[in-house]
Amino acid sequence: MIFDNHNRPITYLRLAVTDRCNLRCFYCMPEEGIKYLPKSQLLTYEEMERLVRVLARLGVSKVRITGGEPFVRNGLMAFLWRLKATEGIEELNITTNGVLTEPLVPELVRLGIGSVNLSIDTLDRERFRQITRRDELPAVQGTLDALLKNNIPVKLNAVVMEGKNIEDLPLLAELTRDHPVEVRFIEEMPFNGEGSHYPVLNWTHRRILQELQTLYPGLTRQSDSPFSTASTYRIPGYQGTIGIIAAFTRTFCGTCNRIRLTAQGTLKTCLYDNGVLDVRALLRSGATDAELTAAFLKAFAHRPKNGFEAERERGPVTESMSTIGG
Ligand code: SAM
């Protein structure tokens, strides 16, 4: 296992397979979308497989596929099967908006997907349309039903936003009554592709917790899984759990075990850094596995201590989360 310069193990890769998305969530990108990269600038599946092999030899054992929307890239399922067979990869998970996912759920079961994170900020069709600028809630709910029916472990991601979905906090929390899901309420981050963000965030993790405690006075703290970014709670008697993720307040950097590869093959050792290694250039200049390994190790030895240090080193973030993968 490899440890970084702050003695944190690096065991978890989040791999963005595309920067394209079929939703236009206002907190992620402008209405007109972002300028997508030409296909030649995206990593090929073969390149991604090679990088996962190299990283698995360094101790990465868990991979989460993300994007953009992973299922808009052709050939994704075949890629997942190959990735699942990679020596050293013990857990393969995916994050999706669920628009195209429902018909693929049976194959995800056969593949042995570890868990699916489904992004669903609201259970109200009109609010969903306003937030995502697309009328796709029925498709997302179809995916949720299929995941639950097939007993795939599910985490539901909801960004908490003033004036947009506060009334959904109890509606989403109620999903944990009868289903063993984790509903995760996430602080809004500045990765909206426009460079604008509140000077002070309205819905911090503390305020989200206060709101939930008011709604559910019996809310009970649970132990968090190791390296988790979420603080976990349970409403007594309910099957599922509620997570609160301080994604903007950045309270969990001390145990961060994750690295990211963007769709264009840039390594990020912190969500808030500006990309620390152009892996695609290395690959395409003919680097050997040993050279790739050396470059990764060098990057791991220079990780910022936390997301604030990373942001200070680069200046304010402006890019869309769709280019990073979240
Ligand atoms: N398309 C997939 C999906 O929707 O889950 C995967 C990629 S998406 C960028 C991953 C996650 O990032 C989603 O849960 C989304 O809500 C979250 N996200 C995007 N922009 C964000 C922002 N500005 N603040 C907080 N979360 C954000």
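Remember, it's 1-based here, ligands and their atoms both numbered in the order they're listed. Owing to the predicted nature of the structure, the values given are computational and were not obtained by experimental measurement. Values below: all heavy atoms of this structure, side chains included; hydrogens, waters and symmetry mates excluded.
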>> Would you say the ring centers of Phe248 and Phe191 fall short of 6.0 Å from each other?
In response: no
> Which one holds for Thr96 and ligand 1: side chain close, backbone close, both close, or neither close, with close meaning a heavy atom under 4.0 Å?
Replying inline: backbone
>> Please state which option from Gly326, Ser322, Gly68 has its nearest heavy atom closest to atom 7 (C) of ligand 1.
In response: Gly68
>> Checking side-chain polar atoms at under 3.5 Å, does Glu211 have a donor or acceptor matched by the opposite partner on Tyr216?
In response: no
>> Quick check with a 6.0 Å cut-off and a 45 degree axis cone: is Arg258 positioned over the face of Tyr12's six-membered ring?
In response: no
>> Return the closest protein heavy atom for atom 3 (C) of ligand 1 as residue, atom name and distance.
In response: Ser119 OG, 3.3 Å
>> Return the closest protein heavy atom for atom 2 (C) of ligand 1 as residue, atom name and distance.
In response: Glu69 OE1, 3.4 Å
> What protein heavy atom is closest to atom 10 (C) of ligand 1, reported as residue, atom name and distance in Å?
Replying inline: Gly325 O, 3.8 Å
> Of all the non-hydrogen atoms in the protein, which one sits nearest to atom 18 (N) of ligand 1, and at what distance?
Replying inline: Tyr27 CE1, 3.7 Å
> Just checking, is any N or O donor in the side chain of Asp224 or Thr232 under 3.5 Å from an acceptor N or O on the other one?
Replying inline: yes
>> Under a plain distance cut-off of 3.5 Å, with no hydrogens placed, do Arg177 and Tyr238 share a side-chain donor-acceptor pair?
In response: yes
> Glu188 heavy atoms, cut-off 4.0 Å: which ligand 1 atoms fall inside?
Replying inline: 24 (N)
>> I need the atoms of ligand 1 closer than 4.0 Å to a non-hydrogen atom of Thr66, numbered in the order shown.
In response: 6 (C), 7 (C)
>> I'd like to know if Gly67 contacts ligand 1, where contact means a heavy-atom distance under 4.0 Å to any ligand atom.
In response: yes
> Any donor-acceptor pair under 3.5 Å linking the side chain of Arg24 with the backbone of Cys21?
Replying inline: yes
> Between Phe26 and Lys164, is there a cation-pi geometry (under 6.0 Å to ring centre, at most 45° from the normal)?
Replying inline: yes
> Which residue owns the protein heavy atom closest to atom 9 (C) of ligand 1, what's the atom, and how far is it?
Replying inline: Met321 CG, 3.5 Å
